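A short write-up of the structure that comes next.
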Number of protein chains: 2
Amino acid sequence: MSGGGSPSRTRAARARRPRFERQLPQQRRQALIDATIECLKRYGHEGLSIRTISAQAGVSVGLINHHFPNKNQLIAAAYRHFNSELVGGLQAAVARAADSPRARMRAFLEASFCPPNLDQDALAVWVVFWGLYRHSRLIQRVQRDTYRGYVRLLRGMLAERLAQARAPHPRRPRRRGRPDLRLAAIGLTALLDGLWLEWCLEPGAFRPAEAVALCEAWVEDLCRR
Amino acid sequence: MSGGGSPSRTRAARARRPRFERQLPQQRRQALIDATIECLKRYGHEGLSIRTISAQAGVSVGLINHHFPNKNQLIAAAYRHFNSELVGGLQAAVARAADSPRARMRAFLEASFCPPNLDQDALAVWVVFWGLYRHSRLIQRVQRDTYRGYVRLLRGMLAERLAQARAPHPRRPRRRGRPDLRLAAIGLTALLDGLWLEWCLEPGAFRPAEAVALCEAWVEDLCRR
DNA sequence: GCTGCTGTTGTACGATCGTTCAACAACGTA
DNA sequence: TACGTTGTTGAACGATCGTACAACAGCAGC
């Protein structure tokens, strides 16, 4: 209606709103990844459809296959992004903390039990990705690539925390039954993940601060052994 | 080919293999539920299709809607069965154990870290169900119905275990910082679930016995406080 | 203002989805 | 042996799925 019917380059024709905006591939790819995660949060596994995602991103159905070879590659890219956001956020929180093993561990735990990590929507996203894990080599590869960074971060902090606890009495004999670092890391990871899972499933069951306290108490017990 | 072309009731006609076997609704329903779980183990979320499930059960596509009003009801029934198998198995293990709080707790833990509960296939099934949780009221209802039994079992055992630990010194004042039963149950559940999850994701990372030991050490620490 | 590239659109296609339903057939009953 | 009940089949329906592709159009460079 509002002008522009003529093909001649009148001022009105030039001023009309473009039907779409071209973007750099990198930006568009990221927008599609964000839309994928948003769809997972809103609709769960059913949100993983080309049409749902493209609608969420405000683009046409054909665009996804222009930027990604197929749907699975988009999902894997979204999983990679989601994972690195988590690990990156935790690393940043640790880096911001005071320069002591105890403070770093606390910062790590508090970041783990805060938004955006402690979020029911986030659990919904994780769970769908986990459900794809067994039958998608792409997802398995992303998992292997990113999980390493998480384990290294947690293990490093636990190691320096335990080392500090022993430091005041360097010649004290190692008590029988002191768990090795490997089992300690396994246990802390389990407690952390389990609490995180429980809270997301039933946010009213306990407060995030209680989860942090439970984890810290666990580490304290380890140090006292 | 092999006889029976004639509609007359010859002996060959009567002896021919029936094209299908009628079953009681209850039996057929259970067979469909079993097939659903088997499909989830084999194909993950993609196994949740009417055709896949009916093929697994060896019946036609139409039969499912004869025994279940729709697909979601079948899935919910499968989830209910899967849950009660778990809780029932754990209860049975506890009932078989010696009559002491410590033995019961150990039996519970060992059953938790044994097949069929400790199983990668089982995790794949759980994860798909969890992915449906947020967007299916049916699944939410089943979860609410069955999870209660699990929590009650675990909480009861932990309560008697902690009570026993206090028993020898009934008049000893309650120490500062002793966690209440509520938080203790939350922590044990988290540790248990987290270890179970970790093992299923990476079965080589630790042995089931180590998981049991970690949980028992955690309970021991609780008792000593 | 024109041209070229390429990001973007939207229709079309075949496959598969959940569900329906008329017809079939197994088997208890008389 | 004939009948009636009802568990069972399998074709068919419309909807939706992922992907392909020809046409369109935004925008930089000349």
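To find a chain, count down the sequence lines: A is the first, B the second, and so on, and within it residues start at 1. Values reported hereafter were calculated over all heavy atoms of this structure, with side chains retained and with hydrogens, waters and symmetry mates removed. Note that the structure is predicted; figures quoted are calculated from it, not measured.
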Practice item. Taking the side chain as every heavy atom from C-beta outward, state whether A/Val87 and A/Asn83 have any pair of such atoms under 4.5 Å apart. Key: no
Review point. Does a nitrogen or oxygen in the side chain of A/His67 sit under 4.0 Å from OP1 or OP2 of C/dT8?
Key: yes
Review point. At under 4.0 Å, does any side-chain N or O of A/His66 touch on OP1 or OP2 of C/dT8?
Key: no
Point to revise | For B/Phe129, ring-ring contact (aromatic ring centres under 6.0 Å, His included) partners two or more places apart | key: B/Tyr79
Side-chain donor-acceptor distances from residues 119-127 of chain B under 3.5 Å, at least two apart:
{"residue": "B/Asp119", "atom": "OD1", "partner": "B/Asp121", "partner atom": "N", "Å": "3.2"}
{"residue": "B/Asp121", "atom": "OD1", "partner": "A/Arg134", "partner atom": "NH1", "Å": "2.8"}
{"residue": "B/Asp121", "atom": "OD1", "partner": "A/Arg134", "partner atom": "NH2", "Å": "3.2"}

Exercise for review: Specify the residue among A/Ser60 and B/Asn72 whose closest nucleotide of DNA chain C lies further upstream toward the 5′ end.
Suggested key: A/Ser60
Separation of [X] atom [atom1] from [N] atom [atom2], in whole Å?
X       : N      : atom1 : atom2 : value
B/Phe68 : C/dT20 : CZ    : P     : 15 Å
B/Asn65 : D/dT9  : CG    : P     : 13 Å
A/Arg19 : D/dA23 : CZ    : C1'   : 11 Å
A/Ile64 : D/dA20 : CD1   : C1'   : 14 Å

Sequence neighbours left out, cut at 3.5 Å: what donor-acceptor pairs do the side chains of residues 146-157 of chain B make with other protein atoms?
{"residue": "B/Thr146", "atom": "OG1", "partner": "B/Val142", "partner atom": "O", "Å": "3.0"}

Review point. At what distance, to the nearest 0.5 angstrom, does CG of A/Leu214 lie from CG of B/Leu191?
Key: 10.5 Å
Check your understanding: Counting only heavy atoms not in A/Glu202, do more than 12 sit closer than 6.0 Å to its CD atom?
Key -> no
**Study point:** Within residues 20-34 of chain A, residues whose heavy atoms come under 4.0 Å of DNA chain D
**Key:** A/Phe20, A/Glu21, A/Arg22
Practice item. Mark up nucleotides 12-17 of chain D, 5' to 3', with B wherever a protein heavy atom is under 4.0 angstrom from a base atom, S wherever such an atom reaches only the sugar-phosphate, and - elsewhere. Key: B----B
**Study point:** Backbone N/O of A/Ala190 and side chain of B/Glu198: donor-acceptor pair under 3.5 Å
**Key:** yes
Please table the atom pairs, donor to acceptor, closer than 3.5 Å between any side-chain atom in residues 57-78 of chain A and protein atoms at least two apart or in another chain.
{"residue": "A/Asn70", "atom": "OD1", "partner": "A/Asn72", "partner atom": "N", "Å": "3.1"}
{"residue": "A/Asn70", "atom": "OD1", "partner": "A/Gln73", "partner atom": "N", "Å": "3.0"}
{"residue": "A/Lys71", "atom": "NZ", "partner": "A/Leu48", "partner atom": "O", "Å": "2.8"}

